[in-house]
2 protein chains.
Amino acid sequence: MSLRHALLAALSQGEASGYELAKRFDVGVAEFWSATPQQLYRDLERLEQDGMVSARVVEQSRRPNKRVFSLTAAGREELRAFTRRPAKPPAMRDEFLVQLQAVDLTDPGAAVEAAATRRERARQKLAGYDQLRERMLAGRGETEFYAESSQVGPYLTLMAGRMYEQLNIRWATTVIETLTRRGESAPAADGE
Amino acid sequence: MSLRHALLAALSQGEASGYELAKRFDVGVAEFWSATPQQLYRDLERLEQDGMVSARVVEQSRRPNKRVFSLTAAGREELRAFTRRPAKPPAMRDEFLVQLQAVDLTDPGAAVEAAATRRERARQKLAGYDQLRERMLAGRGETEFYAESSQVGPYLTLMAGRMYEQLNIRWATTVIETLTRRGESAPAADGE
DNA sequence: CACACCTATTCAATTTGTTGAGTATAGGGG
DNA sequence: CCCCTATACTCAACAAATTGAATAGGTGTG
């Protein structure tokens, strides 16, 4: 229901095209909301019909033209109203945790590999977030930044993303160690 | 798509009724997958049709009868196959992060309250997880547990849940502090 | 003894989300 | 010059999730 609001929030940081938003949602904003390009285009369409965003075609010479969306007054008002409503508790969908839940009835090798993949992914996302953080801070310390900037919101959500990926790295490491140690002491057994 | 597998994984820890699973998914298993009761009942139905689980009616004297589901051999095999496939990257849906992203164009008071709510919720979930952990460890140390138990999977996912709630507490605290400090130095302004 | 609340589940309608393909232009490498 | 990749979208079909209500017996409270 509130991909719409996630879009409005993303656009509150400045106008963007559907394609740009798609990349942000696929890569970056996945910190707090995930969606496929098709969803974004569809919902942008609807937001436009509802007068929450307005589109403007930007002619480009060396690439296809694009439609750039920005918030309207109504959109900004809707977003404000949304921020005043209590938020639903966060929802997670994590296949790896499901797999791990059932690890005791399988070969743990696959889980160890999956944990390594997860850790690697987390490292890359963290690196990306760190770069973004440097850009946002622009040489300032955190305290200065908090005092000066009008972008505290994005910074705080970025920090949530960073902390989450740091957690993933630590946790994946203990998963790997635990399952590996177990695998050594009881090679291919399954049982208490 | 893989609520089915989440159900199979939950049932791999022992049989349960739809209602019991609904509570687990609402409260506990929300660590890694979230779903409403209706979804569970529907998917249990389908899993039964597909021969992945079998149902058995348990007559109860002082409450309505219930149907208790357990894994079949086919279900266990499907679960094993699932654990060997690569997992999709985790997906998050976090309304509060969306709200916070847009905090710079609103009164931060609402966000501070929401952060406090989040922190309180996290504390309660953490307390629940800690109790569950005590029960799983049953007086043993972690090292012993890892060596002895056939429940390493659930323990590791529980640890993920614990770490996640600890993160929420820490993060919500910095959000509250940051926004409060800002609110003091610039009472009701909105700008750089 | 009425009323709210808990167990335990089902039905129907609607909204969201996913998958896969298809269109079109441009730039770079071999 | 062909193919691959990137930009920038659109369409259609399907699967999954959400919302709201309904049913129905039992328990505890005032």
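Naming: A, B, ... by sequence-line order, numbering from 1 per chain.
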Using a cut-off of strictly less than 4.0 Å, decide whether [X] has a side-chain nitrogen or oxygen near OP1 or OP2 of [N].
| X | N | result |
| --- | --- | --- |
| A:T36 | C:dT19 | no |
| B:Q60 | C:dT7 | no |
| A:R93 | D:dA17 | yes |
| B:S17 | C:dT7 | no |
| B:Y19 | C:dT7 | yes |

Identify all pairs in which a protein N or O lies below 3.5 Å from an N or O of nucleotides 10-12 of chain C, and state each distance.
from: C:dT10; atom 1: O4; to: B:Q38; atom 2: NE2; distance (Å): 3.4

Minimum-distance nucleotide (side-chain atoms of [X] versus [options]):
| X | options | answer |
| --- | --- | --- |
| A:K23 | C:dT18, C:dA8, D:dT7 | D:dT7 |
| A:K88 | D:dT19, C:dT19, D:dC9 | D:dT19 |
| A:K66 | D:dT18, C:dT18, D:dC9 | D:dC9 |
| B:R46 | D:dA16, C:dG17, C:dT9 | D:dA16 |
| A:R42 | C:dG17, C:dT7, D:dT7 | C:dG17 |

Length of the line joining [X]:[atom1] and [N]:[atom2], which is rounded to integer Å:
| X | N | atom1 | atom2 | answer |
| --- | --- | --- | --- | --- |
| A:L40 | C:dT16 | CG | P | 14 Å |
| A:R4 | C:dT15 | CZ | P | 11 Å |
| A:H5 | C:dT16 | NE2 | P | 10 Å |
| A:Q39 | D:dC9 | CD | P | 17 Å |
| B:R56 | C:dT9 | CZ | P | 12 Å |
| B:R24 | C:dT7 | CZ | C1' | 16 Å |
| A:L47 | C:dT16 | CG | C1' | 14 Å |

| request: State, to the nearest 10°, the angle formed by the axis through the first five base pairs of the helix from C:dC1-D:dG30 to C:dG30-D:dC1 and the axis through its last five. | output: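 End-to-end axis angle for the helix from C:dC1-D:dG30 to C:dG30-D:dC1: 30°, rounded to 10°.
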| query | Looking at residues at least two apart in the chain, or sitting in another chain, which of them share a side chain to side chain donor-acceptor pair (under 3.5 Å) with A:T173? | reply |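 Side chain to side chain donor-acceptor pair (under 3.5 Å) check on A:T173 returns A:R119.
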Results of ring pair (Phe, Tyr, Trp, His ring centres under 6.0 Å) for [X] - residues two or more places apart only:
| X | answer |
| --- | --- |
| B:F69 | none |
| B:F82 | B:H5 |
| A:Y155 | A:F145, A:Y146 |

| query | Looking at B:F96 versus B:W171, is the centre-to-centre ring distance below 6.0 Å? | reply |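 Between B:W171 and B:F96, which both carry aromatic rings, the centre distance is below 6.0 Å.
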| Nearest nucleotide by nearest heavy atom, which residue falls closer to the 5' end of DNA chain C, B:A91 or B:E20? |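 Its nearest nucleotide lies further toward 5', so the answer is B:E20.
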| said: Restricting to non-hydrogen atoms, name the atom on A:I169 and the atom on A:R123 that form the minimum distance, rounded to 0.1 Å. | reply: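 In this case the closest contact between A:I169 and A:R123 is CD1-CG, 3.7 Å.
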| field | Sugar-phosphate only, base, or nothing, as touched by A:D43 at under 4.0 Å among non-hydrogen atoms | value |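 It contacts nothing in the nucleic acid.
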| query | Side chains of B:N65 and B:Q60: do they bring a donor and an acceptor to under 3.5 Å? | reply |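 There is no such pair (donor and acceptor under 3.5 Å, judged by atom type) between the side chains of B:N65 and B:Q60.
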| request: Step through the shown structure and confirm whether more than 12 heavy atoms of other residues, nucleotides or ligands are within 6.0 Å of CD on B:E113. | output: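 Open.
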| task | Check whether A:M136 and A:F32 end up in the same hydrophobic cluster, where Ile, Leu, Val, Met, Phe, Trp and Tyr are linked by side-chain heavy atoms less than 4.5 Å apart. | result |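 As far as the 4.5 Å side-chain criterion goes, A:F32 and A:M136 are connected within one cluster.
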| query | Do side-chain atoms of A:Q13 reach the backbone of A:A10 as a donor and acceptor pair under 3.5 angstrom? | reply |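 Between the backbone of A:A10 and the side chain of A:Q13 there is no qualifying donor-acceptor contact (under 3.5 Å).
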